Each structure stands twice: as structure tokens, then as C-alpha cells.
Amino acid sequence: MGWSKERLEEVARTRLNGAKLVIVANREPYIHRYRNGEIEWIRPAGGLTTALDPVMQACGGVWVAHGSGDADAQVCDEQGRVGVPPDDPNYILRRVWLTKEEEEGYYYGAANSMLWPLCHQVFARPVFDPAHWDAYRKVNQTFAEAVLEEAAGGPAMVFVQDYHFALLPRLLKNARPDLVVAQFWHIPWPNSEKFLVCPWAKELLDGMLGNDLLGFQTQGDCNNFLESVDRSLECRIDRERFAVERSGQDTTVKPFPISVDPALADEYLGDDWEARAALVRKKYRLGQRPLLVGVDRVDYTKGIPERLRAVDRLLHKHPELKGQFHFVQVGAPSRMHIPAYRHLTEEVEGLAEKINWTHGNWAWKPVVFLNEHYGAADIFVLYRMAAGCVVSSLHDGMNLVAKEFVSARGDHQGVLVLSKFTGAARELTDAVLINPFDVDELAEGMVTALHMPPAEQERRMRRMRSIVEEHNIYRWAGLLLSEVSKRVPDPTPEMESASTTAQAPHNHAAAATAVEERIARENFLTAMHLASAGA
Ligand code: F6P
């Protein structure tokens, strides 16, 4: 049987034994902001929130995240809680407030100037700043307090996301040994030589070994992590079971390649996608020419300059293709407070301008760079219109744009040009696989996409679609939950056992509290729903 939202709901209901699900991720799934004096909400760019929102919609529970929108506080209760999705709430978002200094040191500093370059093989030098590290520790503690509040009063499973929270699992386990804690590391894990240059490597590893289950995108990432642990901490590594035992705590380390909900494509495209596509063609003067598209946050791991240099190379090598296609790059602004990201935006703008000047004319601009936040509905129209989608990450844990593109192509047309250095390349082997550092190979990959006969496009796309349909986000979450639920205490046998009658009231009490909490949560969401409906 395949994985669906319904099957995941069932797994969450049966395997969590009434334990509350608390997800922690730095980025919130919905941001409230002011536009023209009014409050609006948007969904942020980036794969993590897109992937996890459907999981929360299926399982229910609480998502703890940094409240980063300028109108976020306006719509929350005094605890920082708001029901989401804002137009039809069915789970709770608990926002954590950070000071500017904390955000600077923890998010821009330790997370995105130290761990991000440390974990990606893109030759960007990590910044090791003790002040950033202090802020990182402090913010992990702040999140631990918020999670403990949300998990109070009964059994709970906490599912921690990503490199922003390496210390959180240990903090949670120390405070509440009964909590079941799992973490998924969405980005790659480097080899041990690279990782162990970090002055706080041991603390990071120890924090992560507070987890019952630690998931990575690939087996290679798991092996690198185990090697880093082996070379720096006292512990026992069981390579048969992929587990680490340290101070009496057992952490299972396994790969769980993340994915998307393929069914969302039709929702985003709707019945009017062709009309919206025509508007896009008109707005950017694209005529009826084939499009190659790129959709990314503007991040130096994504290989955007490499891709534009390949467009330039292509036009030099194949002048017959001048005027025959457009390259449309959506580049969502990201982490602009960090100089490397600002410089990258300038570099991409400069390259687009230079290519258009060199090869274009008044009637044809080869590169269209859209440096703005695009909603999912618009992005899916672009995917559907495209002759090809180019994903040229220099290194990427998974890259969900690749899987989204495939999910958008119900017509079985379109070519995926995909970097070999993404997690997605291990599953989507029918893509045109390229080395993004090789400008000629990337340029020829684009030419292949523009020339591929429809029958071959269809053969490849059908195979890729069946992989994304089967290995969908519900399977990812279902397998993770099934694995970690082995650690969730099963109340039934204990309650049935006469010899453990002393524990029974505790379990009954826990179950009763869980039920009461669920009712309170449902009441809260109903109130939020009525509020959002303007009742
Ligand atoms: O895992 C990568 C990640 O940090 C995810 O949170 C998300 O997919 C993306 O990068 C977005 O980054 P940010 O939350 O810093 O905007």
C-alpha cells in the first residue's frame, strides 16, 4: 500500500499512543507581515516548511518556531500561539521571540555563517565566532523552554529540525528523560576531517546524541556523522544497528530522504494555470519561446552564477540558439544580512545584465532574473510552462525543487537538469545529471533539455514521477514516526499487567491529560478558525 495523508494520520494515531507531537524548526510555516498597512500572511521560501506543513496538517500538534514576521505578534495569544494554516487552522504554531542580538548571533552567525558553510562542500569559509556560539547556546535553551512548556503534562514526541538546534535534543532529554526526541538534519554532513575543525564540534555532537533517532538525507551523511562521533567522543558505535551508545543513551542514526506532497501540484496549478501562464509570457515578453527555469533562494550553495555562466557559454557555442529560448531564474531573497548573500545577489544581477547585453537585443532578453518572493501557485505555473528546470546546486542535502518540478508535470513533459551533488540525484536518475562546476557539461545539459524529443521526455518523466509519487513526504514522515515510535512507551501492556498496578494510574492520568489537552487544542483551533472566518 502506498503512503498517503490518511495513512500517515493513522500511523500518528496508533504509533504515538496519545503522545503529543511537537515539531521544532527555526523557520515558521506561515509568516504574518504588514503590507500597505494591512496584515497578510505568506509561506516562506525553502524546502523544509513546504515539506513539513502537510505532515503537521495530517498529524496535528504544535510547531515551535522563531516568530520572524513584523505582524507575527499581532495575531498571537499571550503565549505566542496562533492556529494555522491561517485560512483554515488545524494545528498550532507557537512562536518564540528573539532579540536582534540573538538573531544576529544564532541565526545569521552560528547557524548560517558557521554550520551552513561547514556542512556544504562549496569552498565557503565558515566563521567561528565565540559570540555567535554563545547566542546559539542561549537560543537553543530558549527553544528548550518553549518546547518543555508545550510538552508539559503528558507524554510527548519532539521532532527537531535541522542545524539550528544541535544542542536542543540533549537539553530536552536532561530536563525530561521520558520525552521521545528525534531530529532530522536537512543539510549534508561533511566528512570528519572537515567537521572536526569546528571549535565546538564535541558539544554539537553531544547535543545531537541526546536524540533517540537522528535522521539524515543519505547513508553517506550518516557514515560521516558516525565517523565524526567515533573520532571525538567516548561512546560505543554499533555499525550493524547504526546506533551510538553514550552515557546510557542510545541514538539510532539512519537515512530518510525527504520529499514533497505530489498531490499539491494540482491544487497550486488549479484550472486556470494556462491563463496565468499566458500572463507571465506577456509580462516578461517571452513570446512562445521555450523556457528553462531555475527556482531557488539566492544562496551560494545553489550554483546560480554557475548556471548563468553556462547560459553564456551555451550562447557562445550555439549561436543558432540565440532568440530561441529564455532562461527564467526566480531568486527568492534570503539571509540578506550576511555579506556573502548580498554579494551573491549583486553577482547574479550583474551576470544577468551582462549576458543580456552581450547576446540579447531589443526584442529578446535571454535571462529574466526575478529577485522576489514567489508564492507556490506562481512557481508551479512556471514549472508547468517550462521546457526544462535547471537545479545546479554545488552541494545540497536533497533539493526539493527537483521533486516539485517532477510533481508539477502531469503532462509527462519537461526535462530536469540536475546536479550530481544533490541528494535528489540519487533517486531521480532519469534527470540529465551534470557537474555544476563543469561549465561545458552544464551548458550541454541545457542544450539536451531544449532538444530532447517528446517521447524521451515522457519516458524519463514517467519514471521520475512514479518515484516521487511513491517516495512522498507522507512516507518520509511515516517511516520516521514508525522508527521513533519504537521508543514511545506502550501503555497497554503496562496497564494490563497486575504486577504494575502502581504504574496504571500514572498511565491513565497521562492518557487523560493527553485527551484533555487534545480537547483544549481543538477548542483553541475552533476559536482561531472562527476568528479567521471573521465570525
Ligand atoms: O535545511 C535548509 C534550510 O535551512 C531550511 O530551513 C529551508 O529549507 C531553507 O534552508 C530556508 O532557509 P531559511 O530558513 O534560513 O530562510
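Residue numbers count from 1 along this sequence. Worth saying up front: this structure is predicted, and the values here are computed from it rather than measured.
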Ring centres of F225 and W185 under 6.0 Å apart?
-> no
Hey, what do you get for [atom1] ([X]) to [atom2] ([Y]), rounding to the nearest 0.5 Å?
X: C235; Y: E245; atom1: SG; atom2: CD; result: 9.5 Å
X: E458; Y: M461; atom1: CD; atom2: CE; result: 10.5 Å
X: N211; Y: T252; atom1: CG; atom2: OG1; result: 10.0 Å
X: D271; Y: R276; atom1: CG; atom2: CZ; result: 10.0 Å
X: E28; Y: H32; atom1: CD; atom2: NE2; result: 8.5 Å
X: Q457; Y: Q413; atom1: CD; atom2: CD; result: 4.5 Å

How about [atom1] on [X], more than 12 heavy atoms from neighbouring residues, nucleotides or ligands closer than 6.0 Å, or not?
X: R7; atom1: CZ; value: yes
X: E234; atom1: CD; value: no
X: K5; atom1: NZ; value: yes
X: K194; atom1: NZ; value: yes

Residues [X] and [Y] bridged, charged N to O under 4.0 Å:
X: R246; Y: D206; result: yes
X: R13; Y: E10; result: yes
X: R384; Y: D411; result: yes
X: R241; Y: D250; result: yes

So, the side chain of [X] versus the backbone of [Y]: is there a donor-acceptor pair under 3.5 Å, distance only?
X: R95; Y: A73; value: no
X: D212; Y: A182; value: no
X: Q217; Y: I258; value: yes
X: N140; Y: H164; value: yes
X: R465; Y: S407; value: yes
X: Q74; Y: A71; value: no

Between V432 and V415, is a side chain to side chain contact (heavy atoms under 4.5 Å, CB included) present by the stated rule, with each step listed?
-> CA-CA 7 Å; V432 174; V415 180; 3.7 Å; yes
Just so I know, are the side chains of [X] and [Y] near enough to count as touching, which here means a heavy-atom distance under 4.5 Å?
X: L213; Y: R487; answer: no
X: V468; Y: E427; answer: no
X: L480; Y: F159; answer: yes
X: W97; Y: D72; answer: yes
X: V84; Y: Y91; answer: yes
X: S259; Y: W3; answer: no
X: L394; Y: S419; answer: no
X: V293; Y: V330; answer: no

Assess whether side chain to side chain contact (heavy atoms under 4.5 Å, CB included) is satisfied between E203 and W133, documenting all intermediate values.
-> CA-CA 11 Å; E203 233 178 297; W133 180 243; 3.7 Å; yes
On the ring face of W116, is R335 found with NZ or CZ under 6.0 Å from the centre and within 45° of the axis?
-> yes
So which atom in [X] and which in [Y] form the shortest heavy-atom distance, rounded to 0.1 Å?
X: R460; Y: D430; answer: NH1-O, 3.0 Å
X: L205; Y: S228; answer: CD1-O, 3.7 Å
X: V488; Y: L16; answer: CG1-O, 3.7 Å
X: T50; Y: G46; answer: OG1-O, 2.8 Å
X: G61; Y: M56; answer: C-CE, 3.7 Å
X: L115; Y: I187; answer: O-CD1, 4.4 Å

When you check the side-chain N and O atoms of D53 and Q57, is any donor under 3.5 Å from an acceptor?
-> yes
Give me the ring orientation class for W476 and H186: parallel if the planes are under 30° apart, tilted from 30 to 60°, perpendicular past 60°.
-> tilted
May I ask you to decide if the ring planes of H395 and H120 are parallel, tilted or perpendicular, using 30° and 60° as cut-offs?
-> perpendicular
Matching residue for W189 among F195, Y163, F184 - test: ring-ring contact (aromatic ring centres under 6.0 Å, His included) | F195
